[in-house]
**Q** 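Encoded as structure tokens, here's the structure I'll be asking about.
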Amino acid sequence: MTLRVVLVRTHNPGNLGAAARAAKNFGAELLLMQPRAEISHGDAIAFASGAEDLLRRVKILAAWDEVVSEADDVIALSSLRGRVSRGLPPPITFEEISSSLRRGRRVALVFGPERGGLTTEELRRCDARLTIPTAAALPTLNVAQAVVAALALLYPFEAPRRSRGAPKPEGAPAPSGDVRRLLTSFKETLSSAGYPGR
């Protein structure tokens, strides 16, 4: 699968189950990072109705590096809720993500916990950020509802039909992990040269 849904520190077992069902509805893989709710909880199983198999085999991640290893593009979903976007990854559109998926890139959509969403530091660790359009009076969605809305806006992205061993399309962006290693190398080089900027 090229599309992954990553739930970060989810507290409500019903949200785990509902997100699992949504992931199965749209052919995505579900990953959990440091979940606060048990996947075997009765509410998780009940809300997963029809996707209990996906919930049982869900992959649990312990750190952000594991998210990066699972995807070429790591996309944070956030309404920002009054936060300043300066210093955060650039915005991206659903059309751009669909295009990446059609090219066979592995995309991870990252959803934060129910109460406060992703932290600023977590947002900075992503490659881009995506906002689901909502009314200004209530800009945030329940995490499971956000999963459904995001997947519905991407579906169907029409996965490519490449034969085994076929070369990747030219001009495809570098995987997220490679970009991070390059940026770390740049920072170390600039720091050793005495560059004072961030």
**Q** I'd like to check Val107 versus Leu154 (side-chain heavy atoms, cut-off strictly below 4.5 Å). Are they in contact?
**A** no
**Q** A side-chain contact here means heavy atoms from C-beta on lying under 4.5 Å apart; do Lys59 and Glu66 qualify?
**A**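 No, too far: nothing below the 4.5 Å cut-off.
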**Q** State, with a plain yes or no, whether a side-chain heavy atom of Val67 is found less than 4.5 Å away from one of Leu31.
**A** no
**Q** Hey, any chance Leu3 and Val147 share a hydrophobic cluster, counting ILVMFWY side chains that come within less than 4.5 Å of each other, even indirectly?
**A**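 Hydrophobic grouping puts Leu3 with Val147.
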**Q** Quick check on the hydrophobic clustering: are Ile92 and Leu118 connected, directly or via other members, by side-chain heavy-atom contacts under 4.5 Å?
**A**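 In one cluster: no.
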**Q** For the pair Asp127 (side chain) and Val74 (backbone), establish whether a donor and an acceptor sit closer than 3.5 Å, ignoring hydrogens and angles.
**A** yes
**Q** What pairs with Thr134 under side chain to side chain donor-acceptor pair (under 3.5 Å), at least two apart in sequence or on another chain?
**A** none
**Q** Does any donor atom in the side chain of Arg103 or Ser99 lie under 3.5 Å from an acceptor atom in the other side chain?
**A** yes
**Q** I'd like to know if the side chain of Glu114 and the backbone of Asn12 have a donor-acceptor N/O pair within less than 3.5 Å.
**A** yes
**Q** In terms of hydrophobic clusters joined by side-chain contacts under 4.5 Å, are Leu54 and Met33 together?
**A**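 Leu54 does not cluster with Met33.
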**Q** Check the hydrophobic clustering (I, L, V, M, F, W, Y; side-chain heavy atoms under 4.5 Å; chains of links allowed) and say if Leu30 and Tyr155 are grouped together.
**A**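 Leu30 clusters together with Tyr155.
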**Q** What is the distance from atom CD1 of Ile60 to atom CG of Leu32, rounded to the nearest 0.5 Å?
**A** 5.5 Å
**Q** Side chain of Thr131, backbone of Ser78: donor and acceptor closer than 3.5 Å?
**A**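 Side chain of Thr131 to backbone of Ser78: a pair is present.
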**Q** What's the separation between atom CZ in Phe111 and atom CG in Leu130, rounded to the nearest 0.5 Å?
**A** 8.0 Å
**Q** Working to the nearest 0.5 angstrom, can you tell me the gap between Leu123 CG and Leu77 CG?
**A**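 Output value for this atom pair is 10.0 Å.
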**Q** I want to check something: taking the side chain as every heavy atom from C-beta on, are Trp64 and Val6 in contact at a cut-off of under 4.5 Å?
**A**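 They are not in contact (no side-chain heavy atoms under 4.5 Å apart), so the answer is no.
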**Q** Could you measure the distance from the CZ atom of Phe94 to the CD1 atom of Ile75? Nearest 0.5 Å is fine.
**A**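 That separation rounds to 10.5 Å.
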**Q** Would you please test Leu190 and Lys187 for side-chain contact (heavy atoms from CB on, under 4.5 Å) and show each step?
**A** CA-CA 5 Å; Leu190 289 171; Lys187 287 178 186 176; 5.9 Å; no
**Q** Are Leu16 and Val58 packed together at the side-chain level, in the sense that at least one heavy-atom pair is separated by less than 4.5 angstrom?
**A**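 In short, these two side chains do not touch, never coming nearer than 4.5 Å.
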**Q** Measure across Ser176 and Ala71 and return the closest heavy-atom pair with its distance rounded to 0.1 Å.
**A**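 Minimum heavy-atom contact is CB-O, 4.2 Å.
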**Q** Indicate yes or no: at least one non-hydrogen side-chain atom of Val148 is less than 4.5 angstrom from one of Leu141.
**A** no
**Q** Where do Thr2 and Gly104 come nearest, in terms of heavy atoms and distance?
**A** CG2-O, 4.0 Å
**Q** If you apply the rule side-chain contact (heavy atoms from CB on, under 4.5 Å), what do you find for Leu88 with Arg124, and how did you get there?
**A** CA-CA 5 Å; Leu88 296 180; Arg124 286 184 179 142; 4.0 Å; yes
**Q** Please report the interatomic distance CG(Asp72) to OG(Ser100), rounded to the nearest 0.5 Å.
**A**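 Here the interatomic distance stands at 9.0 Å.
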**Q** Applying side chain to side chain donor-acceptor pair (under 3.5 Å), can you list everything that pairs with Arg9, at least two apart in sequence or on another chain?
**A** Glu122
**Q** Quick check: does any side chain N or O of Arg129 sit under 3.5 Å from a backbone N or O of Pro89, one acting as donor and the other as acceptor?
**A** yes
**Q** Taking all non-hydrogen atoms of both residues into account, name the closest pair between Gly112 and Val143 and its distance.
**A** O-CG2, 3.7 Å
**Q** If you group Ile, Leu, Val, Met, Phe, Trp and Tyr whenever their side-chain heavy atoms sit less than 4.5 Å apart, what else falls in with Leu182?
**A** Val179, Leu183, Phe186
**Q** What closest approach, in Å, do Ala51 and Arg21 show between heavy atoms, and which atom pair accounts for it?
**A** CB-CA, 3.6 Å
**Q** For a 4.5 angstrom cut-off between non-hydrogen side-chain atoms, does Asn25 reach Leu151?
**A** no
**Q** Could you tell me whether the side chain of Arg106 and the main chain of Ser69 form a donor-acceptor pair under 3.5 Å?
**A**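 Side chain of Arg106 to backbone of Ser69, a donor-acceptor pair under 3.5 Å: yes, one is there.
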**Q** Is it true that Leu7 and Ile132 fall in one hydrophobic cluster, defined by side-chain heavy atoms closer than 4.5 Å?
**A**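 In one cluster: yes.
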**Q** Are side-chain N/O atoms of Thr10 and Asn15 paired as donor and acceptor at under 3.5 Å?
**A** no
**Q** Between CG of Leu55 and CD of Glu52, what distance do you get to the nearest 0.5 Å?
**A**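 One finds 8.0 Å between CG of Leu55 and CD of Glu52.
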**Q** Show me the side-chain donor-acceptor pairs of residues 35-49 shorter than 3.5 Å, one per line, residues at least two apart or across chains.
**A**
residue : atom : partner : partner atom : Å
Arg36   : NH1  : Gln34   : O            : 2.8
His41   : ND1  : Asp43   : N            : 2.9

**Q** Report the residues that fulfil salt bridge (Lys or Arg N to Asp or Glu O under 4.0 Å) with Arg105, sequence neighbours left out, ordered by chain and then residue number.
**A** Asp73
**Q** Not counting sequence neighbours, which residues clear salt bridge (Lys or Arg N to Asp or Glu O under 4.0 Å) with Arg181? List them please.
**A** Asp178
